[in-house]
Amino acid sequence: MTDHSKSIRQISLVLSRLRFCLGLCSLVVAVSCGIAGASKATPEPAEAIPSTPEAWLSGQSQARLEVERTTFASGEWVNVVVVVANYSGAEIPYQTCGNLPYSGYLEDGDAGVRSGETGSQLTCMGEPRQIPVGESSWSVRVPTTLLSCTRSDAIGVVGCTSDGLLPNLPAGRYALRIEGANEVLPIPPTLDIELE
């Protein structure tokens with residue numbers, strides 16, 4: 001290889017490294033501007049919202065539960081408020097037949113006992129909706145009755161009440177769990193509930 005060819009090759013290598021560095025710097029500046037501008041800008045339209053859980057987690061969206069008390073009589077409704085702090089800079093999309101993006105249930109994993117579930121109809125695809133930017137709250141009512149029962153006399157199955165209704169959960173400690181209408185909604189930690 002001649003000296004001239006070596007020089008051209010070295011110049012090409014330097015130029016390609018320079019292009020790479022400039023591209024990397026442009027990316028860093030674009031990301032920095034995007035993050036800085038996201039806190040001040042108006043929310044992006046729903047079509048531009050990322051659809052992966054990781055995008056929302058990195059966007060600082062989170063949820064917590066608020067209840068007036070943690071002890072209830074079996075058969076009573078547990079009224080809980082899901083508070084969503086959405087500081088991602090964009091509305092969070094969800095789609096259900098109801099208005100609520102969340103549903104809740106009580107569960108005793110050790111005993112294999114679970115309550116019915118109320119809140120949103122999570123499996124139904126209704127009108128597209130959004131959780132707004134900022135803090136918002138959603139009231140969810142959770143029953144303290146069993147998930148299912150039967151009128152059968154079979155051994156080992158839970159019988160319905162004489163009125164054909166779901167029986168109350170047995171007294172004990174349960175985990176209150178909240179589910180979201182999709183995987184991008186922030187989910188609050190579980191809360192211990194005592195039934196008397």
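No experiment lies behind these values; they were computed from the predicted model shown. Values reported hereafter were calculated over all heavy atoms of this structure, with side chains retained and with hydrogens, waters and symmetry mates removed.
- Shown here are the side chain to side chain contact (heavy atoms under 4.5 Å, CB included) partners of R129, two or more places apart in sequence or in another chain: Y94, N99, E127.
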Inset, instruction - Could you please spell out the steps behind the side chain to side chain contact (heavy atoms under 4.5 Å, CB included) verdict for L169 and T145? - result: CA-CA 5 Å; L169 289 169; T145 54; 5.9 Å; no
Inset, instruction - Quick one: do R177 and E107 satisfy salt bridge (Lys or Arg N to Asp or Glu O under 4.0 Å)? Show the steps, please. - result: CA-CA 7 Å; R177 300 188 187 282; E107 181 180 51; 2.6 Å; yes
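- Counting heavy atoms of neighbouring residues, nucleotides and ligands inside a 6.0 Å radius, atom CD of Q62 does not exceed 12 of them.
- Using a 4.5 Å heavy-atom cutoff, the side chains of V84 and S61 are not in contact.
- Distance OH/Y174 to OG/S74: 6.5 Å, rounded to 0.5 Å.
- Follow the hydrophobic side-chain contacts under 4.5 Å out from I187 and you reach L106 in the same cluster.
- Side chain of T144 to backbone of E76: a donor-acceptor contact under 3.5 angstrom is found.
- Note that CD1 of I131 is 10.0 Å distant from CD of E91, once rounded to the nearest 0.5 Å.
- With rounding to the nearest 0.5 angstrom, the SG atom of C160 is 8.0 Å from the CG atom of L165.
- Listed by chain and residue number, R64 satisfy the salt bridge (Lys or Arg N to Asp or Glu O under 4.0 Å) test with E135 (two or more places apart in sequence, or in another chain).
- Listed here is the closest heavy atom pair of A63 and P186: CB-O, 3.6 Å.
- Rounded to the nearest 0.5 angstrom, E66 CD and N79 CG are separated by 13.0 Å.
- Side-chain atoms of N86 and S88 form a donor-acceptor pair, as typed in the model, at a separation below 3.5 Å.
- Residues I92 and V83 fall into different hydrophobic clusters, defined by Ile, Leu, Val, Met, Phe, Trp and Tyr side chains chained together at heavy-atom separations under 4.5 Å.
- Grouping the Ile, Leu, Val, Met, Phe, Trp and Tyr side chains by contacts below 4.5 angstrom, directly or via other members, places L147 apart from L195.
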Legend entry - Residue pair E196, T71: steps toward the side chain to side chain contact (heavy atoms under 4.5 Å, CB included) verdict: CA-CA 7 Å; E196 297 178 331; T71 302; 3.3 Å; yes
Legend entry - Test side chain to side chain contact (heavy atoms under 4.5 Å, CB included) applied to L176 and Y105, step by step: CA-CA 6 Å; L176 170 60; Y105 62 92; over 6 Å; no
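- Under the 4.5 Å side-chain heavy-atom criterion for Ile, Leu, Val, Met, Phe, Trp and Tyr, V67 and V140 are members of the same hydrophobic cluster.
- With hydrophobic clusters built from ILVMFWY side chains whose heavy atoms lie under 4.5 angstrom apart, V81 does not share a cluster with L100.
- The distance from the CG atom of L65 to the CD1 atom of I193 is 8.5 Å, given to the nearest 0.5 Å.
- Here S115 contributes atom OG and W77 contributes atom CH2; the two are 9.0 Å apart, rounded to the nearest 0.5 Å.
- Side-chain contact between L146 and N168 is absent, with no heavy-atom pair separated by less than 4.5 Å.
- Between V113 and P170, the shortest heavy-atom contact is CG1-CD, 4.3 Å.
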